[in-house]
Amino acid sequence: MKTNLLDLDAAALAAFFATLDEKPFRARQVLRWVHQRGEADFARMSDLAKDLRAKLAGAARVEAPRIVGDSSAADGTRKWLLKVDGANAVDAVFIPETGRGTLCVSSQAGCVLDCAFCSTGKQGFNRNLGTAEIVGQLWLANRLLEGPRPVTNVVLMGMGEPLLNLENVVPALRLMLDDNAYGLSRRRVTVSTSGVIPGMDRLRDACPVALAVSLHAPTDELRDRLVPVNRKYPIRDLLQACKRYLEKAPRDFITFEYVMLAGVNDGDAEARALARIAAQVSCKFNLIPFNPFPRTEFRRSAPERIRRFAQILQAKGVTVTTRKTRGDAIDAACGQLAGEVADRTRRGAKLRLTEAHA
Ligand code: SAH
Ligand code: SF4
């Protein structure tokens with residue numbers, strides 16, 4: 001079986017080249033060919049010696065997941081459906097904006113955590129994606145989209161819980177950050193977690209990127225129901241883990257995601273309780289209108305309710321953005337937060353404003 005180079009971060013690629021009796025700088029050259037130029041064919045890596053090209057062709061391959069669906073919405077949002085061996089398809093969604101483009105990446109096929117309002121959770125757990133399958137989404141998007149470096153931001157907010165697959169997620173993150181690969185800054189790469197505390201600590205030590213935490217409820221009683229992993233890692237402990245993460249985070253705040261479920265977690269009382277949580281850790285809130293899917297018991301909060309909820313938080317000094325729904329026609333959100341990134345990228349500007357006032 002040939003080694004898939006998309007599975008290897010810079011260190012692993014250098015180690016692989018050592019087994020081929022090749023120097024580390026050759027590995028860096030190939031890293032640039034594969035990730036910066038999107039080249040999969042060793043024969044076309046023109047500045048490599050012919051015998052090295054042949055050696056690589058015999059021992060290695062560059063293989064991303066197979067695209068089985070490709071759809072675009074009028075607003076430019078694009079969604080790919082990717083077939084991964086022995087599992088259901090996963091998706092990757094690209095959201096263009098002026099001056100930036102955000103790719104929403106999946107980390108698992110399915111998810112074991114079974115949040116009440118999540119269609120991925122309802123599909124059950126299939127398996128972890130490998131590093132090549134995770135970074136391969138970025139590799140494909142850059143190849144298929146127009147223009148130089150179309151993807152400027154990555155969010156791990158597609159299918160799956162990234163912190164339950166750190167073994168494969170961390171090398172993929174390292175490639176996203178590597179100057180010889182994608183060269184994204186840590187603040188332009190965001191991992192979203194439902195609150196898997198040991199994973200938060202491990203990510204903090206291995207590769208601290210921007211962190212989003214799916215809070216969705218201000219009390220353990222309600223969060224136990226919506227986000228079952230809360231029974232293991234309750235809110236008080238989660239907030240402590242957020243503080244530990246911030247010691248090394250590339251941003252000085254945690255983004256709390258909060259899905260707006262009509263009549264469930266969207267009342268004035270919940271907003272006030274959230275403001276008390278927000279006072280305990282440097283954070284900002286992202287309100288996400290619920291994205292309905294077949295057979296769900298939940299409904300999306302009305303726009304007026306979401307506005308009022310945001311106002312209560314803002315009145316208490318909390319920075320809040322509300323997701324704008326995007327790519328609806330192609331179901332880009334698909335139970336996930338693909339559309340959320342449209343706000344996420346704007347938030348940077350908003351936050352700087354807030355800081356300037358502080
Ligand atoms: N497992 C991670 C990351 C993937 S889900 C996590 O839970 O954070 C990304 C975001 O989409 C999470 O905030 C999740 O709660 C949210 N989400 C899931 N289903 C949704 C739905 N139907 N509508 C709106 N947001 C949803
Ligand atoms: Fe898994 Fe995230 Fe969906 Fe919860 S919201 S089931 S953690 S993918």
Side-chain angles (χ1 to χ4, degrees), residues 1-70 78 80-87 89-90 92 94 101 103 105-109 127-152 154 165-184 189 206-207:
M1 188 66 176
K2 294 180 185 179
T3 301
N4 188 354
L5 298 193
L6 292 182
D7 269 322
L8 309 181
D9 64 13
L13 190 68
F16 176 69
F17 269 57
T19 68
L20 298 178
D21 234 2
E22 294 288 342
K23 298 235 155 47
F25 85 92
R26 292 290 176 209
R28 282 195 294 277
Q29 250 177 314
V30 170
L31 201 64
R32 288 196 289 269
W33 271 109
V34 170
H35 296 285
Q36 291 184 348
R37 306 175 72 161
E39 186 55 72
D41 182 354
F42 299 115
R44 293 160 62 115
M45 301 186 181
S46 49
D47 58 358
L48 300 183
K50 282 241 166 66
D51 61 334
L52 173 56
R53 289 186 237 172
K55 208 195 275 186
L56 285 171
R61 64 199 162 100
V62 177
E63 199 177 317
R66 192 161 51 86
I67 298 174
V68 292
D70 182 345
R78 189 153 163 194
W80 294 282
L81 209 58
L82 305 168
K83 181 76 187 83
V84 291
D85 289 341
V90 299
F94 178 72
L103 186 70
V105 165
S106 294
S107 58
Q108 298 182 310
R127 69 164 168 84
N128 284 329
L129 297 188
T131 297
E133 292 167 331
I134 298 167
V135 83
Q137 297 168 55
L138 176 56
W139 186 83
L140 281 172
N142 273 331
R143 263 167 71 111
L144 295 167
L145 294 163
E146 304 283 318
R149 302 221 161 209
V151 178
T152 61
V154 173
N165 184 19
L166 277 172
E167 189 189 337
N168 298 319
V169 164
V170 166
L173 292 174
R174 290 199 169 120
L175 283 166
M176 292 172 194
L177 304 179
D178 197 300
D179 282 337
N180 290 309
Y182 301 93
L184 300 175
V189 177
C207 190

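Computed from a prediction, not measured in an experiment: that's the story for all the values here.
In the displayed structure, K23 atom NZ is contacted under 6.0 Å by at most 12 heavy atoms of other residues, nucleotides or ligands.
Pairing each heavy atom of A64 with each of W139, the nearest pair is CB-CE3, 3.6 Å. In terms of heavy-atom proximity, N4 sits nearest to A132 at ND2-CB, 3.4 Å.
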Derivation and outcome, side chain to side chain contact (heavy atoms under 4.5 Å, CB included), residues Q36 and L31: CA-CA 8 Å; Q36 291 184 348; L31 201 64; over 6 Å; no

Distance-only donor-acceptor hits, side chain of residues 10-18, under 3.5 Å, sequence neighbours excluded:
none

List the atom pairs, with distances to 0.1 Å, where a side-chain N or O of residues 45-62 and a protein N or O form a donor-acceptor pair under 3.5 Å, not counting sequence neighbours.
from, atom 1, to, atom 2, distance (Å)
D47, OD1, W33, NE1, 2.7
D47, OD2, Q29, NE2, 3.3
R53, NE, M45, O, 3.3
R53, NE, L48, O, 2.8
R53, NH1, A43, O, 3.0
R53, NH2, S46, O, 3.3
R53, NH2, L48, O, 3.0
K55, NZ, L20, O, 2.7
K55, NZ, E22, OE2, 2.7
R61, NE, K2, O, 2.9
R61, NH1, E63, OE1, 2.9

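Residues T131 and E167 have side chains not in contact (no heavy-atom distance under 4.5 Å, counting atoms from C-beta outward).
Residues that satisfy the side-chain contact (heavy atoms from CB on, under 4.5 Å) test with P150, not counting sequence neighbours, are N142, L145. Residues forming a side-chain contact (heavy atoms from CB on, under 4.5 Å) with L184 (at least two apart in sequence, or on another chain): V154, M176, Y182, V189. Checked against side-chain hydrogen bond (donor to acceptor under 3.5 Å, both in side chains), N128 has the following partners two or more places apart in sequence or in another chain: Q108. Legend: residues meeting salt bridge (charged side-chain N to carboxylate O under 4.0 Å, His left out) with R66, ordered by chain and number and at least two apart, are absent. Looking at residues two or more places apart in sequence or on another chain, you find a side-chain contact (heavy atoms from CB on, under 4.5 Å) between S107 and L156, P162, V169. With sequence neighbours left out, the salt bridge (charged side-chain N to carboxylate O under 4.0 Å, His left out) criterion links D179 to no other residue. Legend: residues meeting side-chain contact (heavy atoms from CB on, under 4.5 Å) with P65, ordered by chain and number and at least two apart, are L82, V84, E133, L140.
At least one donor-acceptor pair closer than 3.5 Å links the side chain of T152 to the backbone N or O of G101. Remark: side-chain polar atoms of R127 are paired, donor with acceptor, to backbone N or O of D85 under 3.5 angstrom.
The side chain to side chain donor-acceptor pair (under 3.5 Å) contacts involving residues 168-177 comprise N165-N168, where partners must be two or more places apart or lie in separate chains. Pairs engaging residues 24-40 under the salt bridge (Lys or Arg N to Asp or Glu O under 4.0 Å) rule: E39-R44 [sequence neighbours left out].
The distance from the CZ atom of F94 to the CG atom of L144 is 11.5 Å, given to the nearest 0.5 Å.
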